[in-house]
Amino acid sequence: MVGFYMSKQKKREFDLVTIFPETIAPYAQASILGRAQKKKLIEIRAHDLRDWATDKHHKVDDTPYGGGAGMLMKVDPIEKAVKKIRAKRAKKIRVILTAASGKLFTQKDARRLAKYDQVIFICGRYEGIDHRVEEHVANESLSIGPYVLTGGELPALVMLDAIARMVPGVLGSKESLQSESHDAEGVLEYPQYTKPEVYKKWKVPEVLLSGDHKKIKAWRDDHARK
Ligand code: SAM
C-alpha cells in the first residue's frame with residue numbers, strides 16, 4: 001500500500017478471542033509459528049471470551065431479537081475483550097471478525113495485514129455474532145471460503161498463518177517467499193520435483209535436468225501461468 005506507515009516495532013502480535021482458547025496453542029506452538037515465537041518475531045495469544053462475561057454463569061450468548069434458530073454471541077463481552085486486548089504500545093492495530101459472510105481472504109490481505117503491529121481475531125461460534133460487533137468493534141469481516149465451519153478458530157489460524165509467514169524473518173532459509181502461488185493474479189507455483197530422478201517409471205521432466213537455466217525459466221514461467 002502506497003504511503004503505508006511501517007512501524008519500527010519488530011514483533012507482530014496476534015490475539016484471538018474465543019470460547020475455546022485451548023484449541024489455539026497446539027497449532028501456534030508447532031513448526032514455523034512456534035519457532036517465530038521463540039525468536040520473538042511474533043507472539044500469538046488466545047483469550048477466553050468468558051473472562052469478559054458480566055454474569056456469574058459466564059454467559060456469552062443469547063437468543064436473537066425477532067426470533068429464529070440458535071444463539072448469537074453477545075456484543076458486550078466481545079467489545080470489552082477487544083478494548084482490553086488492544087496493546088498500548090502497538091501503533092497499528094486491525095480487528096478482524098471471522099465470518100462466513102465476510103470478504104474472501106486472499107494472499108493480498110495476508111501481505112497487507114502483515115504490516116500491522118497487532119491483529120486481533122474475533123472467533124464466532126453458534127449461529128454467529130451480534131451484528132453490532134461488525135458495525136462497531138471490528139475493522140473488517142473476513143471469510144476463508146464459501147462454506148460454513150463450526151467456529152472461527154480455524155479461520156483465524158488460517159489467516160494468522162498466512163499473515164505471519166509474510167513477517168520478515170519468520171520463514172527460515174529452507175522456506176521461501178519467492179515464486180509462490182498467488183503472488184500475482186492468475187499465477188500459481190510451477191511444478192517442482194526432487195530426487196530420485198525416476199520413481200516407478202515416473203520421470204522428472206527432462207528440461208529440469210538439462211542445466212540450461214534459460215530453458216528452465218521458460219518452462220517454469222509457462223507452467224506457472226497454466
Ligand atoms: N450462521 C452463520 C452464517 O450463516 O454465516 C454461520 C455461523 S458459524 C456456525 C459460527 C462461526 O464460525 C462464525 O460466526 C464465524 O466466526 C466462523 N466461521 C464459519 N465459517 C467461516 C468461514 N468460512 N470463514 C470465516 N469464519 C467462519
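Small disclaimer: the values here were computed from a predicted structure and weren't measured. Whatever order the structure lists ligands and atoms in, that order sets their numbers, starting from 1.
A salt bridge links Asp15 and Arg45; the closest N-O separation between the charged side-chain nitrogens and carboxylate oxygens is under 4.0 Å. A salt bridge does not link Asp51 to Lys84: none of the charged nitrogens lies less than 4.0 Å from a carboxylate oxygen.
Grouping Ile, Leu, Val, Met, Phe, Trp and Tyr residues whose side-chain heavy atoms lie under 4.5 Å apart, directly or via other members, places Trp202 in a hydrophobic cluster with Tyr199.
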Show the atom names and distances, to 0.1 Å, of all donor-acceptor pairs under 3.5 Å that link a side chain in residues 123-133 to residues at least two apart or in another chain.
residue	atom	partner	partner atom	Å
Arg125	NE	Glu153	OE1	3.1
Arg125	NH2	Glu153	OE1	2.8
Asp130	OD1	Arg132	N	2.9
Asp130	OD1	Arg132	NE	3.0
Asp130	OD2	Arg132	NE	3.4
Asp130	OD2	Arg132	NH2	2.7

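In terms of the side-chain hydrogen bond (donor to acceptor under 3.5 Å, both in side chains) criterion, residue partners of Glu140 (sequence neighbours excluded) are, by chain and number, Arg94, Arg112.
Using a heavy-atom distance under 4.0 Å as the criterion, the protein contacts of ligand 1 are Thr98, Ala99, Ala100, Gly124, Arg125, Tyr126, Glu127, Gly128, Leu142, Ser143, Ile144, Gly145, Tyr147, Val148, Leu149, Thr150, Gly151, Gly152, Pro155.
Summarising the local packing, NZ of Lys39 is surrounded by more than 12 heavy atoms from other residues, nucleotides or ligands at distances under 6.0 Å.
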